[in-house]
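Counting starts at 1 for both ligands and their atoms, following the listed order. Nothing fancy with the numbering, it's 1 onward along the sequence.
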Amino acid sequence: MSLIVQKYGGSSVADAEKVKRVARRVGKSHDQGNQVVVVVSAMGDTTDDLIALAHKITPDPDEREMDVLLSTGEIVSTTLMAMALRSMGYSAVSLTGGQAGIWTDETHRKARIVSVEAQRITSELETGKIVIVAGFQGVTRNMDVTTLGRGGSDTTAVALAIGLKADKCEIYTDVEGVYTADPRIVPVARRLKDIGYEEMLELATWGAKVMHPRAVELGQVYSMPILVASSFNENPGTLIHKGASMEVRNKVRGIAHDTDVAKITLVGIPDRPGIAASLFEPLSKAAISVDTIVQNAGLNNITDLTFTVSKSDLTKAMKIIEPVAKSIGASKCVSDSNLGKVSVVGTGMQNAPGYAARMFKALYEAGINIQLITTSEIRITCIVAQEDVKNAVIALHQAFELERA
Ligand code: ADP
Ligand code: ASP
Ligand code: MG
């Protein structure tokens with residue numbers, strides 16, 4: 001008997017019919033003699049709708065209240081899934097993240113899982129039940145509800161698979177696996193049969209939302225293979241694992257994009273030690289992640305500094321940065337929230353020249369202006385205007401010939 005954790009995303013459980021369809025799939029896995037734990041996301045756009053609803057009440061909702069509100073979306077899905085399975089003759093039970101033993105830190109809206117205590121799940125499985133767990137949520141030691149960041153149900157699934165020592169972790173979604181780029185933007189994008197954790201983590205971190213980056217990170221740390229496949233058919237999907245195939249090592253593996261980018265520029269700041277720390281320490285304390293930082297070469301001990309944050313963090317970041325900017329004597333602090341980023345990723349780029357030049361040339365030929373550039377050993381990212389992101393992805397997919405195996 002195998003223990004399988006299956007996760008179904010929002011579009012796979014978007015309405016009652018879809019819930020019943022997923023329940024039939026889950027039931028089939030159970031019929032095959034497996035113990036099945038199912039993680040579900042909120043139905044369709046529920047999370048977006050709940051966020052919009054809160055913003056109708058107040059522009060700046062309290063984060064603790066927000067987490068309780070958002071957690072309800074996933075809870076609705078678990079109850080309906082359990083009802084669907086019961087109506088088909090299965091024995092099933094729904095659990096909230098807290099009931100399932102998902103403990104997190106106190107960072108509301110972006111909490112990290114600190115431990116999984118899965119005894120309740122195990123005892124339910126032992127009585128022959130299918131266990132349905134609400135994704136994207138946990139509780140703190142004070143029993144406050146937290147959420148794990150947008151897309152966080154993937155992380156719930158991988159964490160449970162690790163905590164339960166499951167034989168398989170399967171992420172079912174609305175595409176047939178991980179592609180060389182978002183198949184909704186690049187129709188000729190190719191499904192990858194498999195991919196290593198390192199490349200998948202880089203793609204996910206830089207916007208390929210088919211997997212939540214923290215889910216990939218957990219999978220990597222605990223060597224848990226993760227299958228990403230369609231919830232709508234039985235096609236093979238993509239396996240994320242340690243020993244990904246070697247034949248593509250000297251190529252770009254995929255293109256990630258993200259339209260959730262805002263930039264903050266501080267103009268005319270003193271070029272002396274301690275300035276960067278005074279800016280970034282308060283941001284990190286507020287759990288705002290900054291992913292691209294560019295500082296110009298100083299002239300007359302004065303310099304400019306630009307960094308990017310996600311759009312949803314911009315207001316909070318500006319509130320923190322504006323007084324600091326004033327206190328260090330910056331002449332101006334400006335922001336732009338109409339940006340996006342596009343990244344090429346591949347371990348094959350390590351120590352191989354030419355990739356950056358090829359990327360910049362492709363963007364130039366597509367008439368796209370690059371605003372900022374950042375790199376890692378296996379990634380090159382360009383920040384561009386949001387309206388250029390789609391064309392940039394298409395141009396880069398073509399330039400690196402990713403439609404070819
Ligand atoms: P779910 O609701 O199942 O969690 P998501 O919407 O979070 O699904 O993620 C699936 C979506 O990710 C796809 O519909 C696709 O548009 C997008 N996506 C972005 N990059 C990729 C990629 N490289 N491969 C596959 N899908 C991608
Ligand atoms: N429902 C949450 C979201 O929309 C979590 C998830 O779908 O994974 O972000
Ligand atoms: Mg998702």
Side-chain angles (χ1 to χ4, degrees), residues 6-14 18 22 39-52 66-67 69-78 97 102 109-111 133-138 146-159 170-195 199-216 226 228-232 235 237-238 240 252-260 310 312 340-346 389-390 393 396-397 402:
Q6 298 186 336
K7 177 254 173 179
Y8 292 90
S11 42
S12 305
V13 294
K18 289 191 172 131
V22 167
V39 174
V40 281
S41 291
M43 298 168 79
D45 296 328
T46 302
T47 308
D48 290 328
D49 296 344
L50 290 171
I51 293 171
M66 200 63 179
D67 269 352
L69 177 68
L70 297 188
S71 72
T72 62
E74 268 64 17
I75 296 173
V76 169
S77 304
T78 59
I102 311 272
R109 307 289 303 273
K110 284 182 198 165
V133 179
F136 173 58
Q137 59 183 266
T146 51
T147 62
L148 309 178
R150 297 305 306 270
S153 297
D154 298 336
T155 305
T156 306
V158 177
E170 302 172 337
I171 305 287
Y172 290 109
T173 182
D174 58 1
V175 286
E176 294 190 7
V178 179
Y179 283 68
T180 48
D182 187 339
R184 296 187 199 284
I185 291 195
V186 185
V188 297
R190 194 166 41 82
R191 178 181 58 84
L192 300 166
K193 264 198 293 238
D194 66 350
I195 183 168
E199 287 177 324
M200 188 66 234
L201 181 58
E202 203 78 1
L203 284 171
T205 304
W206 292 84
K209 77 171 175 149
V210 63
M211 275 302 289
H212 194 244
R214 293 238 303 285
V216 183
I226 304 164
V228 182
S230 170
S231 70
F232 295 89
N235 292 348
T238 301
I240 305 170
V252 167
R253 209 43 162 141
I255 316 278
H257 75 278
D258 189 350
T259 48
D260 180 20
S310 74
S312 55
K341 55 194 170 199
V342 45
S343 307
V344 301
V345 170
V389 169
K390 198 173 160 194
V393 177
L396 292 171
H397 199 273
L402 296 187

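Contacts between Thr173 and ligand 1, counted as non-hydrogen atom pairs separated by less than 4.0 Å, involve both the backbone and the side chain. When non-hydrogen atoms are compared, ligand 1 lies under 4.0 Å from the backbone of Lys209 as well as from its side chain.
Below 3.5 Å of separation, one finds an N or O of Gly151 facing an N or O of ligand 2. Between Arg184 and ligand 1, a contact under 3.5 Å exists for at least one N or O pair. Ligand 2 has an N or O atom lying under 3.5 Å from an N or O atom of Ser153, backbone or side chain. Polar contact with ligand 1: present for Lys7 (N/O pair, distance under 3.5 Å). Where the criterion is an N or O separation shorter than 3.5 Å, residue side chain and backbone included, Ala208 fails it with respect to ligand 1.
Protein heavy atom nearest atom 2 (O) of ligand 1, with residue, atom name and distance: Gly10 N, 3.2 Å. The protein atom (non-hydrogen) at minimum distance from atom 16 (O) of ligand 1 is Asp182 OD1, 2.8 Å. The closest protein non-hydrogen atom to atom 4 (O) of ligand 2 is Arg150 NH2, 2.9 Å. If you check which protein heavy atom lies closest to atom 26 (N) of ligand 1, you get Val210 CB, 3.5 Å. What sits closest to atom 7 (O) of ligand 2 on the protein, heavy atoms only, is Ser41 OG, 3.3 Å.
For ligand 1, the atoms sitting less than 4.0 Å from at least one non-hydrogen atom of Val178 are 24 (N), numbered in the order shown with element in parentheses.
Looking at Ile171, Ile185, Asp174 and measuring to atom 10 (C) of ligand 1, the nearest heavy atom belongs to Asp174. Across Phe136, Tyr179, Tyr8, Tyr172, heavy-atom proximity to atom 22 (C) of ligand 1 is greatest for Tyr179. When the heavy-atom distances from atom 25 (C) of ligand 1 to Gly177, Ser231, Ala189, Gly9 are ranked, the shortest goes to Gly177. The option with the heavy atom closest to atom 2 (C) of ligand 2, from among Lys7, Glu74, His212, is Glu74.
One side chain, Asp67 or Thr147, offers a donor N or O that lies under 3.5 Å from an acceptor on the other.
At least one side-chain heavy atom of Ser41 sits less than 4.5 Å from a side-chain heavy atom of Glu74. Residues Phe232 and Asp174 are in side-chain contact: their nearest non-hydrogen atoms beyond the backbone lie under 4.5 Å apart. Side-chain atoms of Thr72 and Leu50, non-hydrogen and from C-beta on, do get closer than 4.5 Å to each other. Taking the side chain as every heavy atom from C-beta outward, Glu199 and Val216 never approach each other to under 4.5 Å. Two residues are said to be in side-chain contact when any heavy atoms from C-beta on lie closer than 4.5 Å; Ile240 and Val228 meet this criterion. Using a 4.5 Å heavy-atom cutoff, the side chains of Gln137 and Ile102 are not in contact. In this structure, Arg184 and Tyr179 have side chains that are not in contact, with every pair of non-hydrogen atoms separated by 4.5 Å or more. Side-chain contact between Asp154 and Lys7: present, with at least one pair of heavy atoms (C-beta onward) separated by less than 4.5 Å.
Ligand 1 lies less than 4.0 angstrom from a heavy atom belonging to Pro183. Distances from ligand 1 to the non-hydrogen atoms of Ala181 include at least one value under 4.0 Å. Judged by the shortest distance from any of its heavy atoms, Gly9 lies outside the 4.0 Å radius around the atoms of ligand 2.
Looking at His212, its side chain does come within 3.5 Å of a backbone N or O of Arg150 through a donor-acceptor pair. Not a single donor-acceptor pair under 3.5 Å links the side chain of Arg191 to the backbone N or O of Thr238.
Screening Thr78, Val76, Thr156 against Val40 for a side-chain contact (heavy atoms from CB on, under 4.5 Å) leaves a single residue, Thr78.
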